[in-house]
A.B. asks: 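Below is a structure I'd like to ask you about.
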Amino acid sequence: MKVSHLEGDVLDRFVARAEGLKLIVLHNEYFDGWYVETPPIEPQAVSCYSTRWDDGGPIIGQSRMTIEFDSLPGGDTYTAIQPDSQYFMSGKTHLIAAMRCYIASKFGEEVADE
């Protein structure tokens, strides 16, 4: 999958992987979907890195990313640039652009879903 096309839950899962978290998929009466493995306590939901500043904002700061705004005929877009890296990615919001850029800086421009 192209990182430039990732969004929603899939984007958040790849950010969690880039953060070094181990993800598991669970389907039972208590859990349904992807979770962060956190033994010995119950699995935790994957953070909403691409939609919540409390989750994604610290990654932007730690990575020293810059984000630029462009108003284009097709709609507004944001571009995140990772210093010390060849990667830059665009998105509909600051966080989407930044999280795509973060993933690309860790894994490259294409990723495989498990």
A.B. asks: Which is it for Val36 and Lys22 under the side chain to side chain contact (heavy atoms under 4.5 Å, CB included) test, yes or no, and what are the steps along the way?
C.D. replies: CA-CA 6 Å; Val36 176; Lys22 182 176 180 184; over 6 Å; no
A.B. asks: Once you round to the nearest 0.5 Å, how far does OG1 of Thr77 lie from NZ of Lys92?
C.D. replies: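 Those atoms lie 10.0 Å apart.
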A.B. asks: In chain order, what residues pass the ring-ring contact (aromatic ring centres under 6.0 Å, His included) check against Tyr87, with sequence neighbours excluded?
C.D. replies: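 Tyr87 satisfies ring-ring contact (aromatic ring centres under 6.0 Å, His included) with no residue once adjacent residues are dropped.
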A.B. asks: For a quick test of reading the model, state the closest non-hydrogen atom pair linking Val10 to Leu6 and the distance between them.
C.D. replies: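 Scanning both residues completely, I find the closest heavy atoms to be CG1-CD2, 3.7 Å.
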A.B. asks: Check Ala80 against Cys101 and note the closest heavy-atom contact, atom names and distance.
C.D. replies: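 Closest approach of Ala80 to Cys101: O-SG, 3.6 Å.
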A.B. asks: Between Gln82 and Thr66, is any pair of side-chain heavy atoms under 4.5 Å apart?
C.D. replies: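 Not in contact.
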A.B. asks: Short question: side chain of Ser63, backbone of Ile60 - any donor-acceptor pair under 3.5 Å?
C.D. replies: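 No.
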A.B. asks: Sequence neighbours left out, what passes salt bridge (charged side-chain N to carboxylate O under 4.0 Å, His left out) with Glu19? Give chain and number order.
C.D. replies: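 Once residues adjacent in sequence are excluded, Glu19 has no partner under the salt bridge (charged side-chain N to carboxylate O under 4.0 Å, His left out) criterion.
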A.B. asks: Provide the full list of salt bridge (Lys or Arg N to Asp or Glu O under 4.0 Å) pairs with a residue in residues 58-75, sequence neighbours left out, each pair given once.
C.D. replies: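 For residues 58-75, and leaving out neighbouring residues, the salt bridge (Lys or Arg N to Asp or Glu O under 4.0 Å) pairs sorted by first residue read Arg64-Asp84.
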A.B. asks: If you apply the rule side chain to side chain contact (heavy atoms under 4.5 Å, CB included), what do you find for Thr51 with Leu95, and how did you get there?
C.D. replies: CA-CA 6 Å; Thr51 57; Leu95 285 173; 5.5 Å; no
A.B. asks: What distance do Met65 atom CE and His94 atom NE2 have between them, rounded to the nearest 0.5 Å?
C.D. replies: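 The distance works out to 12.5 Å.
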A.B. asks: Please work out which of the three classes, parallel, tilted or perpendicular, describes the rings of Phe69 and Tyr78, given edges at 30° and 60°.
C.D. replies: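 Tyr78 vs Phe69 ring planes: tilted.
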A.B. asks: Has the side chain of Arg17 got a donor or acceptor atom that lies under 3.5 Å from a matching backbone atom of Leu23?
C.D. replies: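 Such a contact is absent between Arg17 side chain and Leu23 backbone.
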A.B. asks: Measuring only between side-chain heavy atoms, which start at C-beta, is Tyr102 closer than 4.5 Å to Met89?
C.D. replies: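 Answer no - side chains too far apart.
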A.B. asks: Going by the salt bridge (Lys or Arg N to Asp or Glu O under 4.0 Å) test, which pairs reach into residues 39-50, not counting sequence neighbours?
C.D. replies: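 Sorted result for residues 39-50: empty, none.
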A.B. asks: For a side chain to side chain contact (heavy atoms under 4.5 Å, CB included) check, start with the C-alpha distance between Ile59 and Tyr49, then their side-chain angles and the critical distance, and finish with the verdict.
C.D. replies: CA-CA 9 Å; Ile59 292 172; Tyr49 301 103; 3.7 Å; yes
A.B. asks: Could you pull out all residues at least two apart from Glu109 that satisfy salt bridge (charged side-chain N to carboxylate O under 4.0 Å, His left out)?
C.D. replies: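 For Glu109 there are no salt bridge (charged side-chain N to carboxylate O under 4.0 Å, His left out) partners, ignoring immediate neighbours.
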A.B. asks: Return the CH2 to CG distance between Trp34 and Asp12, rounded to the nearest 0.5 Å.
C.D. replies: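 Answer rounded to 0.5 Å: 13.5 Å.
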A.B. asks: Could you tell me the separation between the OG atom of Ser47 and the CG atom of Asp54, rounded to the nearest 0.5 Å?
C.D. replies: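 Nearest 0.5 Å value for the OG-CG distance: 10.0 Å.
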A.B. asks: Determine whether a donor-acceptor pair (N or O, by modelled atom type, separation under 3.5 Å) exists between the side chain of Asp55 and the backbone of Ser50.
C.D. replies: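 No.
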A.B. asks: Apart from Ile81 itself, what residues make up its hydrophobic cluster, given side-chain heavy atom links below 4.5 Å?
C.D. replies: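 Listed partners: Phe88.
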A.B. asks: Could you report the tightest heavy-atom contact between Ile24 and Pro43, atom names first, then the distance?
C.D. replies: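 What the structure gives for the nearest pair is CD1-CG, 4.2 Å.
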A.B. asks: Where do Thr79 and Ile67 land on the side chain to side chain contact (heavy atoms under 4.5 Å, CB included) test, with the steps shown first?
C.D. replies: CA-CA 5 Å; Thr79 301; Ile67 301 173; over 6 Å; no
A.B. asks: Considering non-hydrogen atoms only, spot the tightest contact between Ala97 and Gly91 and give its length.
C.D. replies: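 Minimum heavy-atom separation between Ala97 and Gly91: CB-N, 3.6 Å.
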A.B. asks: Side-chain contact test, heavy atoms from C-beta onward, threshold under 4.5 Å: evaluate it for Ile103 versus Lys106 and give yes or no.
C.D. replies: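 They are not in side-chain contact.
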